[in-house]
Amino acid sequence: MSAVFVYDGDCAFCSSSARWIQRWVRPRTPLVAWQHTDLDALGLTQEQCEEAVQWSGSDGVRAAGPAAFARLLVDAGRWWRPLGHVLALRPVRWLADPVYRLIARNRHRLPGGTPQCSLPQSLRNPQ
């Protein structure tokens, strides 16, 4: 199976972002809504997909959130590849992780977001 980038298809903000990525980044990897794919075959759970975007690599590598975006950018090639490598650097990820979580928790408030974009309460305030 080839690599797959998985996002929340029930979230308007996430779906709009996926369309933007397909139009402007033009990744080789397919972007699929987790609601429309076989998560077991990808080695992913619904909980993981509700919490963050996911990368399921053909080599068995899994990544979530900013690390998934880094892998997608590296795989996209062209000038996106160096940006993906920078995003994968530990100091950059230390900054990207809290920013990603802030966006994920508030995606229903962002442009294109709807109430359906809200994360389940258990994922908004993890213990």
Side-chain angles (χ1 to χ4, degrees):
M1 175 178 276
S2 64
V4 178
F5 184 86
V6 183
Y7 67 95
D8 186 351
D10 284 343
C11 172
F13 175 76
C14 299
S15 296
S16 295
S17 298
R19 285 191 300 275
W20 187 93
I21 290 168
Q22 288 173 324
R23 180 175 182 189
W24 296 104
V25 177
R26 292 188 224 145
R28 293 179 284 222
T29 301
L31 280 67
V32 298
W34 69 260
Q35 296 87 346
H36 303 288
T37 193
D38 182 356
L39 295 179
D40 289 336
L42 298 175
L44 299 171
T45 66
Q46 179 177 334
E47 293 76 22
Q48 289 172 310
C49 295
E50 286 176 344
E51 186 175 333
V53 295
Q54 302 290 323
W55 171 271
S56 179
S58 57
D59 55 1
V61 172
R62 307 283 180 271
F69 278 112
R71 291 199 172 267
L72 180 72
L73 292 172
V74 168
D75 186 66
R78 297 181 301 279
W79 68 278
W80 296 106
R81 178 170 288 156
L83 184 60
H85 284 298
V86 169
L87 183 56
L89 294 173
R90 188 167 293 160
V92 176
R93 278 209 343 256
W94 287 337
L95 297 172
D97 284 336
V99 170
Y100 180 86
R101 297 288 170 228
L102 179 67
I103 291 169
R105 280 192 306 271
N106 293 287
R107 60 190 182 164
H108 61 287
R109 295 183 177 109
L110 297 171
T114 64
Q116 290 80 12
C117 297
S118 294
L119 292 174
Q121 183 66 31
S122 62
L123 296 175
R124 279 187 254 154
N125 299 310
Q127 302 301 326

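Note that this is a predicted model, so its numbers are computed, not measured.
- When hydrophobic side chains of Ile, Leu, Val, Met, Phe, Trp and Tyr are connected at separations under 4.5 Å, W20 ends up clustered with F5, Y7, I21, W24, V25, L31, V53, W55, F69, L72, L73, W79, W80, L83, V86, L87, L89, V92, Y100.
- The side chain to side chain donor-acceptor pair (under 3.5 Å) analysis of residues 31-43, with sequence neighbours excluded, yields the pairs D8-Q35, D10-Q35.
- Contact between G65 and A52 at its shortest, heavy atoms only, is N-CB, 3.8 Å.
- Q48 and G43 make their closest contact through OE1-O, 4.1 Å (heavy atoms, listed as atom of the first residue, atom of the second, distance).
- Among residues two or more places apart in sequence or in another chain, the side chain to side chain donor-acceptor pair (under 3.5 Å) test is passed with T29 by D75.
- Only one option out of L39, L44, V4 pairs with Q54 in a side-chain contact (heavy atoms from CB on, under 4.5 Å); it is L44.
- Contact record, P30 with A3: CD-O, 3.3 Å, taken as the closest heavy-atom pair.
- For the atom pair S56 OG and R71 CZ, the distance stands at 11.0 Å (nearest 0.5 Å).
- Members clustered with V61: none, using a 4.5 Å side-chain heavy-atom cutoff among hydrophobic residues.
- Applying the side chain to side chain donor-acceptor pair (under 3.5 Å) test to R93 and every residue at least two apart in sequence or in another chain returns nothing.
- Here the CD atom belonging to Q46 is positioned 12.5 Å from the CD atom belonging to E51, to the nearest 0.5 angstrom.
- Minimum heavy-atom separation, R78 to P82: O-CD, 3.6 Å.
- Closest of all the heavy-atom pairs between G9 and S15 is O-OG, 3.4 Å.
- V74 belongs to no hydrophobic cluster, as no Ile, Leu, Val, Met, Phe, Trp or Tyr side chain comes under 4.5 Å of its own.
- Looking at residues two or more places apart in sequence or on another chain, you find no side chain to side chain donor-acceptor pair (under 3.5 Å) involving R26.
- The side-chain contact (heavy atoms from CB on, under 4.5 Å) search around L95 returns none, not counting sequence neighbours.
- With sequence neighbours excluded, no residue satisfies side chain to side chain donor-acceptor pair (under 3.5 Å) with Q22.
- No more than 12 heavy atoms of other residues, nucleotides or ligands shown are found within 6.0 angstrom of CZ on R23.
- Looking at R105, its side chain never comes within 3.5 Å of a backbone N or O of I103 through a donor-acceptor pair.
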